[in-house]
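As a basis for the values below, the full set of heavy atoms in this structure was taken, side chains included, without hydrogen atoms, waters or symmetry mates. Just so it is clear: chains get the letters A, B, ... in the order the sequence lines come, proteins before strands, and each one is counted from 1. None of these values were measured; they are calculated from a predicted model.
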Protein chains: 2
Amino acid sequence: MSLKFILLGLLDQPRSGYDIKQIFEGTLKNFWNAELSQIYPLLSKLEREGYLESDLVDSSHGPRRRIYHRLAQAETELFDWLASEPDMPVARIGYLAQMFFMEKVSPKQRCGFLHRLRERFEQQHRFLSGLTAQYPLEDFEQNTPSQDDPQASSERYLARVLTMHHGVLRLKALIDWCDLCLCWFDRLPKNS
Amino acid sequence: MSLKFILLGLLDQPRSGYDIKQIFEGTLKNFWNAELSQIYPLLSKLEREGYLESDLVDSSHGPRRRIYHRLAQAETELFDWLASEPDMPVARIGYLAQMFFMEKVSPKQRCGFLHRLRERFEQQHRFLSGLTAQYPLEDFEQNTPSQDDPQASSERYLARVLTMHHGVLRLKALIDWCDLCLCWFDRLPKNS
DNA sequence: GCTCATTATATCAATAGTTATATAGTCATG
DNA sequence: CATGACTATATAACTATTGATATAATGAGC
């Protein structure tokens with residue numbers, strides 16, 4: 001259900017489905033993803049339901065673009081969604097499912113698995129740390145955030161920068177967890 | 001795809017679909033969930049495909065139970081799954097999507113949202129901390145884990161106890177993140 | 001004897017998400 | 001002028017998950 005509200009939220013300015021996909025590939029991929037094959041049908045459904053309107057606009061770089069903008073009903077439901085309870089995800093963590101059965105395999109294979117997992121977390125952590133470094137929290141204390149900074153278009157919003165910090169803290173904890181696992185698997189008596 | 005392997009993995013001893021659902025409600029809900037309406041059809045599909053066999057067994061407390069046990073093919077594919085790359089979940093975190101648009105609402109509403117979120121994390125953290133306290137990591141250093149402890153049936157496995165620690169560390173980081181958000185929203189100039 | 005909780009299996013409809021494929025215009029490279 | 005990369009929209013087929021409902025046996029409390 002969240003995808004509907006993410007699309008409505010992103011249409012604070014007119015955008016096409018393709019534009020929205022670019023945003024998913026960037027800032028949003030930290031907490032959501034959607035394919036074009038999910039975005040296009042949902043946009044046209046939301047138009048049929050009276051949340052959006054669209055215009056066809058010629059493009060200088062390809063076929064005509066369908067640009068959506070949101071209507072009053074979209075605003076109303078967006079506010080309702082933001083006022084509702086925090087949407088807690090149903091945990092579905094594939095690598096933990098594998099971990100749950102790891103006792104079945106050799107100590108060597110177990111450690112290989114955890115090292116590969118740790119490396120993935122490290123990569124993501126490095127990427128997000130670099131990104132947050134571009135938007136120091138201290139900048140939000142001043143009354144006038146630096147309008148002249150071209151990068152600060154939508155990342156000017158404190159709430160959005162804080163979603164990046166979520167990833168940084170979460171990934172740091174997961175790297176520590178990998179180290180904890182490797183440490184205790186190492187202490188395990190050899191015969192198991 | 002993971003659900004298939006979770007079912008095959010849990011059938012290291014004969015169980016019914018109902019039994020498996022009980023396990024999801026317990027230890028597994030930390031990293032996966034499945035409804036009976038997903039478990040029953042998948043079990044019968046896995047039987048048709050030659051991974052499982054089942055027997056109908058009379059119950060003293062209700063209708064006949066269909067007890068599944070796994071076959072050789074299941075073992076093979078389980079090992080392949082454990083030897084494959086860590087299954088990284090596609091991030092889909094509803095409350096972060098809400099957070100991303102939180103700049104739209106009042107400071108008071110924002111803080112209310114974060115306090116409710118923090119309370120949920122606290123609850124889960126308390127639950128998992130209590131659970132892990134029952135299975136101290138130090139017990140796994142001894143060569144003979146305490147067989148006489150009736151609780152230590154399947155939680156005797158170090159890998160399974162470590163999946164619980166994953167939740168503890170993750171939730172601790174998320175509580176810290178809520179505090180960070182509350183702290184910085186508070187420092188924000190009043191006019192925004 | 002009735003109701004309710006628990007045990008137990010099964011199916012259906014609907015929603016959500018993934019993968020593959022078709023179509024088409026523009027632009028750069030060789 | 002053919003090929004590939006990028007922009008752009010759209011749909012079909014499939015898999016995964018959720019929510020609702022039907023059925024039925026047992027035991028406890030009233």
Side-chain angles (χ1 to χ4, degrees), chain A residues 1-8 11 14-26 28-29 31-49 52-68 81 87-94 97, chain B residues 1-8 11 14-26 28-29 31-49 52-68 81 87-94 97:
Chain A
M1 201 68 277
S2 296
L3 182 58
K4 166 180 167 177
F5 297 107
I6 295 173
L7 297 188
L8 297 181
L11 289 168
R15 295 180 209 267
S16 72
Y18 195 83
D19 293 337
I20 288 172
K21 179 59 180 167
Q22 306 309 306
I23 302 176
F24 275 111
E25 300 291 349
L28 263 60
K29 74 156 180 282
F31 60 84
W32 207 275
N33 192 41
E35 299 304 321
L36 283 169
S37 56
Q38 201 183 358
I39 295 169
Y40 284 125
L42 186 48
L43 284 173
S44 80
K45 186 182 172 229
L46 292 173
E47 186 172 26
R48 281 198 310 280
E49 293 174 347
L52 305 175
E53 263 177 7
S54 71
D55 302 287
L56 282 170
V57 176
D58 278 329
S59 162
S60 56
H61 270 264
R64 250 165 297 169
R65 294 158 51 77
R66 183 175 292 278
I67 305 294
Y68 288 89
W81 177 60
D87 181 353
M88 307 299 280
V90 182
R92 218 158 251 133
I93 308 175
Chain B
M1 203 68 274
S2 295
L3 182 58
K4 165 180 166 177
F5 298 108
I6 294 173
L7 297 188
L8 296 182
L11 289 168
R15 296 179 208 268
S16 71
Y18 196 85
D19 292 337
I20 288 172
K21 178 60 179 165
Q22 307 308 305
I23 302 176
F24 276 110
E25 300 291 348
L28 263 60
K29 73 156 179 283
F31 60 84
W32 206 275
N33 191 41
E35 299 304 321
L36 283 169
S37 55
Q38 201 183 359
I39 295 169
Y40 284 125
L42 185 49
L43 284 173
S44 81
K45 186 181 172 228
L46 292 172
E47 186 171 26
R48 282 198 309 280
E49 293 173 349
L52 305 175
E53 263 177 6
S54 71
D55 302 286
L56 282 169
V57 176
D58 279 327
S59 163
S60 55
H61 271 265
R64 250 165 298 169
R65 295 158 50 77
R66 183 175 293 277
I67 305 292
Y68 289 88
W81 176 61
D87 181 353
M88 307 299 280
V90 183
R92 218 159 251 133
I93 309 176

Side chains of B:Leu52 and B:Leu8 in contact at under 4.5 Å (non-hydrogen atoms)
yes
With respect to the side chain of B:Tyr18, which nucleotide from D:dA8, C:dA16, C:dA8 is positioned closest?
C:dA8
Between CZ of A:Arg66 and P of C:dG25 the distance, given in whole Å, is 17 Å
A:Phe24 versus A:Ile39: any side-chain heavy-atom pair under 4.5 Å?
yes
Just verifying a value: how many Å separate B:Arg65 CZ and B:Asp55 CG, rounded to the nearest 0.5 Å?
12.0 Å
What is the separation between atom NZ on B:Lys21 and atom C1' on C:dT9, rounded to the nearest whole Å?
15 Å
Taking CZ from A:Arg15 and P from D:dT7, how many angstroms apart are they, rounded to a whole number?
16 Å
From CG of B:Leu3 over to C1' of C:dA16, roughly how many Å is that when rounded to an integer?
16 Å
Does a salt bridge link B:Glu25 with B:Lys29, judged by any charged N lying under 4.0 Å from a carboxylate O?
no
With a 4.0 Å heavy-atom cut-off, tell me which residues in residues 34-45 of chain B come close to DNA chain D, sorted by residue number.
B:Ser37, B:Gln38
Is it true that the side chains of A:Arg66 and A:Ser16 contain a donor and an acceptor less than 3.5 Å apart?
no
Would you please confirm or rule out a distance under 4.0 Å between OP1 or OP2 of D:dA16 and any side-chain N or O of A:Arg92?
no
Rounded to the nearest angstrom, tell me the gap between atom CD in B:Gln22 and atom P in C:dT9.
10 Å
Using whole Å, report how far CD1 of B:Ile67 lies from C1' of C:dA8.
10 Å
Looking at A:Leu42, is its backbone amide N or carbonyl O close enough to the side chain of A:Lys4 to form a donor-acceptor pair, meaning the two atoms are under 3.5 Å apart?
no
Look up atom OH in A:Tyr40 and atom CD in A:Glu35, then write down how far apart they are to the nearest 0.5 Å.
12.0 Å
Each nucleotide of nucleotides 21-30 of chain D classed B (base within 4.0 Å of a protein heavy atom), S (only sugar-phosphate) or -, in 5' to 3' order, makes ---BBSS---
Rounded distance in Å - CG (B:Asp87) to C1' (D:dA16):
13 Å
Residues in salt bridge (charged side-chain N to carboxylate O under 4.0 Å, His left out) with A:Glu47, at least two apart?
none
Write down the distance between NZ (B:Lys29) and C1' (D:dT18), rounded to a whole number of angstrom.
19 Å
B:Leu56 vs B:Val90, nearer the 5' end of DNA chain C by closest nucleotide
B:Leu56
Testing B:Ile67, B:Asp19, B:Leu43, B:Leu46 one by one against B:Leu11 for a side-chain contact (heavy atoms from CB on, under 4.5 Å), which residue passes?
B:Leu43
